[in-house]
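Below is one structure, written out as structure tokens; comments come after it.
Being a predicted model, the structure only gives us computed values, none of them experimental.
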Amino acid sequence: MTYVSHPCIVPDKVDERSYQTNMVQGCLRNNTLLILPTGLGKTIVALRVAAEYVQKGKVLILAPTKPLLDQHQKTFEELMVDHPVCVISGTVNQEKRAKLIEENDVIIATPQTTSNDLNEGRYTLDGFSLIIYDEAHRGVGDYAYVRVAEYCHRGMRKIGMTASPGANMNKIKEVCINLDLRRIDARSENDRDVAPYVHNTLIKTLRL
């Protein structure tokens, strides 16, 4: 087994998967919407992209639910080297949030809280090099992702991630426009470079 080798990632912990490596390389070249089925490592792709950008500036990861916040926090705290991580949500005191931004390199936050803080001028995104929108398909209408995107400077790399973009191409285009995503990188379980990592699912029907 081959592992990812990077100074910002704990050695011998992250499997080297060709499809993830290809997706990471695409993200490094341009703002990207990643479409990848659940269970195939969107968080690992985010970690690997963040490892490249955290040396240039802070990293902001937005996720809409507590389970997703917890998942990203666990992954980054376990696998990222020498870059402190924090979680910001509405349960964190307003005055403390700006201090957390200042003291940490990777900020994992809820979109609504971030949008409110930016609108109130509690902090800016000037020192950030990367923003990652988890469940990016939400980035339509007046959702908080759209409002946060308005505060992102041109020098930031922008990445959206989703397992379920929907079949409506107009909606996907709207997400890309709203979040300034210039390309789409999609994988399915049937793709040749993904198939080796897809495990068969056993379904048992219980009749009561």
Heavy-atom count check: over 12 atoms from other residues, nucleotides or ligands less than 6.0 Å from Glu102 CD?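 No, the 6.0 Å shell around CD holds no more than 12 heavy atoms from other groups.
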
How about [X] and [Y]: does a side-chain donor come under 3.5 Å of a side-chain acceptor?
X      : Y      : answer
Tyr123 : Asp117 : yes
His153 : Asp126 : no
His83  : Gln55  : no
Asn116 : Gln112 : yes
Thr110 : Thr113 : yes

Grouping I, L, V, M, F, W and Y whenever their side-chain heavy atoms are under 4.5 Å apart, do [X] and [Y] come out in a common cluster?
X      : Y      : value
Val106 : Val49  : yes
Leu125 : Tyr143 : yes
Ile108 : Leu130 : yes
Tyr151 : Leu181 : yes
Ile107 : Val87  : no

Can you tell me which residue pairs pass the salt bridge (Lys or Arg N to Asp or Glu O under 4.0 Å) test with a partner in residues 149-163, sequence neighbours excluded?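 Salt bridge (Lys or Arg N to Asp or Glu O under 4.0 Å) check on residues 149-163 returns Lys158-Asp180.
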
Under 3.5 Å: donor-acceptor pair, side chain of [X], backbone of [Y]:
X      : Y      : result
Asn119 : Ser115 : no
Thr32  : Asn30  : yes
Asn93  : Glu95  : yes

Glu135 side chain reached by Met161 side chain, heavy atoms, under 4.5 Å: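 Answer no - side chains too far apart.
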
Would you please name every residue forming a side chain to side chain contact (heavy atoms under 4.5 Å, CB included) with Tyr19, sequence neighbours left out?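 Testing Tyr19 for side chain to side chain contact (heavy atoms under 4.5 Å, CB included), a comparison that skips the adjacent residues, returns Arg17, Met23, Leu36, Leu40, Arg187, Asp193, Val194, Tyr197.
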
Using distance only, find each side-chain donor-acceptor pair of residues 170-178 under 3.5 Å and give its atom names and separation, not counting sequence neighbours.
residue	atom	partner	partner atom	Å
Glu174	OE2	Gly141	N	3.2
Asn178	ND2	Gly139	O	3.0
Asn178	ND2	Glu174	O	3.3

Looking at Glu16 and Arg48, does any basic side-chain N land under 4.0 Å from a carboxylate oxygen?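 Salt bridge between Glu16 and Arg48, a charged N being under 4.0 Å from a carboxylate O: yes.
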
Taking Lys74 first and then Glu78, would you say they form a salt bridge - that is, a charged N and a carboxylate O separated by under 4.0 Å?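 Answer for the salt bridge query: yes.
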
Nearest non-hydrogen partners of Cys152 and Tyr133, listed with the distance: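 Where Cys152 meets Tyr133 most closely, the heavy atoms are SG-OH, 3.7 Å.
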
Can you name the closest pair of heavy atoms from Thr162 and Ala136 and give their distance?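 Nearest heavy atoms, Thr162 then Ala136: CB-N, 4.2 Å.
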
May I have the step-by-step check of salt bridge (Lys or Arg N to Asp or Glu O under 4.0 Å) for Asp142 and Arg147, ending in yes or no? CA-CA 7 Å; Asp142 194 39; Arg147 298 195 297 274; 3.5 Å; yes

